[in-house]
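Remarks on the structure that follows.
One-based numbering along the sequence shown. Keep in mind the model is a prediction, meaning the values are calculated, not measured.
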Amino acid sequence: MSNTKNTQESQSSQKSQDSRNSDTTSDNQKAGSRPKPMEVLRQARGQLAELTGMEAESVSSFEQTEDGWALEVEVLELERVPDTMSLMASYQVELDAEGQLTGYRRVRRYERGRSDARRPGGR
């Protein structure tokens with residue numbers, strides 16, 4: 001009987017905590033606050049993967065803009081052996097202020113083992 005009571009108390013406590021978290025999220029959205037940068041990065045990588053079918057390997061640039069966020073994401077497009085010959089691509093990704101993807105485009109394609117001589121800094 002006490003196990004049932006403990007389980008019910010635990011569930012009640014969890015519902016109360018979920019309600020408080022939901023209220024906080026709603027308050028943040030009402031106040032017009034932006035998501036945290038790490039949340040934006042995770043959302044951007046997930047949304048790009050869903051749209052392209054390719055997983056992001058890294059984010060090479062990330063900045064907050066007036067309209068939202070801008071990222072450059074490195075993606076493995078074609079895996080080859082040896083790995084240094086695999087084809088990589090950089091995608092420019094734009095998100096709104098809430099972190100929702102509004103657009104993306106491939107800006108360059110390169111072999112993993114080669115630097116890009118056309119751009120300073122390897123970009």
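With S90 contributing its side chain and R108 its backbone, the two residues share no donor-acceptor pair below 3.5 Å. At distances below 3.5 Å, not a single donor-acceptor pair connects side-chain atoms of R112 with backbone N or O atoms of S86. Distance alone, capped at 3.5 Å, places no donor-acceptor pair between the S58 side chain and the S60 backbone. Q47 contributes a side-chain N or O that, together with a main-chain N or O of Q43, makes up a donor-acceptor pair within less than 3.5 Å.
F62 and W69 have parallel rings, their planes meeting at less than 30° on a 0 to 90° scale where 60° marks the start of perpendicular.
Note that CE of M54 is 13.5 Å distant from CD of E79, once rounded to the nearest 0.5 Å. The distance from atom CG of L87 to atom CG of L76, rounded to the nearest 0.5 Å, is 8.5 Å. Here CE of M85 is found 5.5 Å from CZ of R114. Values are rounded to the nearest 0.5 Å.
The hydrophobic cluster containing L51 also contains V59, counting ILVMFWY residues as joined when their side-chain heavy atoms lie under 4.5 angstrom apart, directly or transitively. Linking Ile, Leu, Val, Met, Phe, Trp and Tyr residues whenever their side-chain heavy atoms come within less than 4.5 Å leaves V81 and M88 in two separate clusters.
Considering all non-hydrogen atoms of both residues, L101 and L95 come closest at N-CD2, 3.8 Å. Taking all atoms of both residues into account, the shortest heavy-atom contact from Y91 to E77 is OH-OE2, 2.5 Å. What you find for P35 and A97 is that their closest heavy atoms are CD-O, 3.1 Å.
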Apply side-chain contact (heavy atoms from CB on, under 4.5 Å) to the pair Y104 and T52, showing each step before the final yes or no.
CA-CA 10 Å; Y104 73 93; T52 65; 3.7 Å; yes
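Atom CD of E55 has 12 or fewer heavy atoms from other residues, nucleotides or ligands within 6.0 Å.
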